[in-house]
2 protein chains.
Amino acid sequence: MSIRHTLLGFLNLRPRTGYELKKLMDRSTQAFWHARLSQIYPTLKVLEAEGLIASRVEPQVGKPDRRVYRITAQGRVELLEWLAEPVAHVEPGKSTALLKLFFSGFLEREQILTHLRRQLDAHRAELARLRDEIAPMVAAVVAETGLKREGMMWELVRELGERCERTTVNWLEDAIREAERLA
Amino acid sequence: MSIRHTLLGFLNLRPRTGYELKKLMDRSTQAFWHARLSQIYPTLKVLEAEGLIASRVEPQVGKPDRRVYRITAQGRVELLEWLAEPVAHVEPGKSTALLKLFFSGFLEREQILTHLRRQLDAHRAELARLRDEIAPMVAAVVAETGLKREGMMWELVRELGERCERTTVNWLEDAIREAERLA
DNA sequence: GGAACCATGTAAAGTGTTACATGATTTT
DNA sequence: AAAATCATGTAACACTTTACATGGTTCC
């Protein structure tokens with residue numbers, strides 16, 4: 001239900017094309033909300049049909065034409081209403097990696113260790129991405145647009161991502177040490 | 001795709017009914033994989049049709065009859081194959097709460113604080129649940145069944161949950177302090 | 001007397017992924 | 001010469017949720 005609000009949230013800052021929205025999501029909300037272009041384009045059409053956003057086509061030379069969407073007054077109302085709805089509980093997530101570990105008890109030690117080491121690599125890479133790619137990007141957006149308050153929120157969320165990744169990396173290191181002591 | 005493997009994983013330990021599987025999931029995999037009964041029952045039928053599990057009906061007095069499923073040799077092969085598939089990357093999750101915070105930059109300070117405080121309550125409750133409900137439950141299952149190795153995996157995963165929740169609670173406390181300094 | 005638990009399911013709607021389809025420009 | 005980027009979309013499929021449907025037993 002929230003891909004709609006993700007798009008409204010970004011369009012509330014300034015008009016963009018579907019393609020731009022996808023790239024933005026890849027660099028900002030990726031870790032806690034993502035979508036494919038094949039979901040974004042139809043959703044934009046629906047939002048336009050509902051009057052929450054509006055679009056115009058911009059012809060381009062040497063590149064395909066682009067359809068630029070902007071939020072409407074009605075869309076802003078919808079966004080505000082959604083933001084006001086409380087999120088009371090902790091939303092349960094999905095993690096294939098943890099599920100596999102959970103059911104790995106009957107496997108051989110080496111297979112468990114392989115799984116844990118692969119995860120360690122992946123989470124170290126994600127930690128690096130948050131620090132080296134996302135952090136400068138947040139800073140750049142703030143500098144460009146002067147959206148100070150928005151920038152603070154983006155940085156806040158990024159900071160949580162970094163802390164959680166660090167926690168996960170530490171846990172994996174401990175888990176590997178423990179698994180190494182298995183028979 | 002993994003509800004199938006979740007069910008296979010549990011049935012690999014011992015036979016159970018759909019209803020029991022649901023309760024088990026609520027108390028163990030909940031935080032990283034969950035499902036409704038309306039998804040579990042049809043999935044069990046599919047798995048049986050595929051020959052990965054088998055069932056028999058147990059008549060009961062004073063209670064509805066129960067259909068008890070057990071894993072087959074073929075099912076065990078499928079489970080092993082799934083466990084062996086590597087999970088290379090960090091799987092992106094979905095969090096409405098973070099998404100709302102991310103787009104809250106243009107709201108008033110008080111609305112942001114309300115959101116953060118509600119989240120703090122929710123995550124403190126989840127931390128308590130992991131310590132007071134899940135930890136003893138893992139210990140009880142291990143004591144009952146003597147599944148030492150499985151118990152270690154369950155405890156490992158629970159431990160990550162606890163560490164991440166603690167990290168999140170700390171972050172929320174910091175975030176609230178920061179938000180309080182806003183104009 | 002009402003709520004929660006035990007126990008099973010189906011149908012419809014909503015959400016998200018994969019595959020298909022096109023085609024010029026720019027970078028490696 | 002191949003790969004990536006820009007740019008848009010559709011169709012089919014897979015997965016998940018919500019709502020509907022039933023009915024006895026046990027706890028408060």
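- Ring geometry, B/Phe102 versus A/Phe10: the interplanar angle exceeds 60°, so the pair is classed perpendicular (tilted spans 30 to 60°).
- A side chain to side chain contact (heavy atoms under 4.5 Å, CB included) with B/Tyr69 is found for exactly one of B/Leu44, B/Leu7, B/Leu47, namely B/Leu44.
- Along DNA chain D, the nucleotide nearest A/Asp65 and the nucleotide nearest A/Lys45 are compared for position; the residue whose nucleotide lies closer to the 5' end is A/Asp65.
- Atom CZ of B/Arg131 has more than 12 neighbouring heavy atoms from other residues, nucleotides or ligands inside a 6.0 Å radius.
- Across residues 75-99 of chain A, not one residue has a non-hydrogen atom less than 4.0 Å from an atom of DNA chain C.
- Side-chain atoms of B/Thr168 and B/Gln119, non-hydrogen and from C-beta on, never get closer than 4.5 Å to each other.
- Looking only at side-chain heavy atoms (C-beta outward), A/Leu21 and A/Leu11 come within less than 4.5 Å of each other.
- Counting side-chain heavy-atom gaps under 4.5 Å among Ile, Leu, Val, Met, Phe, Trp and Tyr, the cluster of B/Leu37 also holds B/Tyr19, B/Tyr41.
- Between B/Cys164 and A/Trp171, every side-chain heavy-atom pair lies at or beyond the 4.5 Å cut-off.
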Please tabulate the protein-to-nucleotide N/O contacts below 3.5 Å involving nucleotides 21-28 of chain C, giving atom names and distances.
none

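- Ion pairing between a basic and an acidic side chain is recognised when a charged N comes within 4.0 Å of a carboxylate O; A/Asp121 and A/Arg117 show no such pairing.
- Close approach of DNA chain D to chain A, defined as any atom under 4.0 Å from a non-hydrogen atom of the protein, starts and stops at D/dT5 to D/dT16.
- Terminal axes of the helix from C/dG1-D/dC28 to C/dT28-D/dA1 (five pairs each, C1' rotation axis) are separated by 60°, to the nearest 10°.
- Residues passing the side-chain hydrogen bond (donor to acceptor under 3.5 Å, both in side chains) test with B/Arg16: none are found, sequence neighbours excluded.
- Rounded to a whole Å, the CG atom of B/Leu44 is 15 Å from the P atom of C/dA7.
- Inter-residue side-chain proximity for A/Glu85 and B/Lys100 is flagged as met; some heavy-atom pair is nearer than 4.5 Å.
- Contact check of residues 2-21 of chain B against DNA chain D (heavy atom, cut-off under 4.0 Å) returns B/Ile3.
- In this structure, the salt bridge (Lys or Arg N to Asp or Glu O under 4.0 Å) partners of B/Glu173, at least two apart in sequence or on a different chain, are B/Arg124.
- Looking at heavy atoms from C-beta onward, B/Phe103 lies in side-chain contact with A/Thr6 at the 4.5 angstrom threshold.
- Among residues at least two apart or in separate chains, salt bridge (charged side-chain N to carboxylate O under 4.0 Å, His left out) pairs with a member in residues 43-53 of chain B are B/Arg4-B/Glu50.
- Positionally, the nearest nucleotide of DNA chain D for A/Tyr69 lies more toward the 5' end than for the other of A/Tyr69 and B/Met1.
- For the segment residues 23-39 of chain A, the set of residues with a heavy atom within less than 4.0 Å of an atom of DNA chain D comprises A/Lys23, A/Leu37, A/Ser38, in numerical order.
- For B/Glu91, the side-chain hydrogen bond (donor to acceptor under 3.5 Å, both in side chains) partners at least two apart in sequence or on another chain are A/Thr96.
- Proximity of B/Leu130 to B/Arg158: side-chain heavy atoms (C-beta onward) are separated by under 4.5 Å at one or more points.
- With respect to the salt-bridge test (charged N to carboxylate O, under 4.0 angstrom), the residues B/Lys23 and B/Asp26 do not qualify.
- A side-chain donor-acceptor contact under 3.5 Å links A/Ser55 and A/Arg67.
- Applying the salt bridge (Lys or Arg N to Asp or Glu O under 4.0 Å) criterion to A/Glu126, with sequence neighbours excluded, gives A/Arg129.
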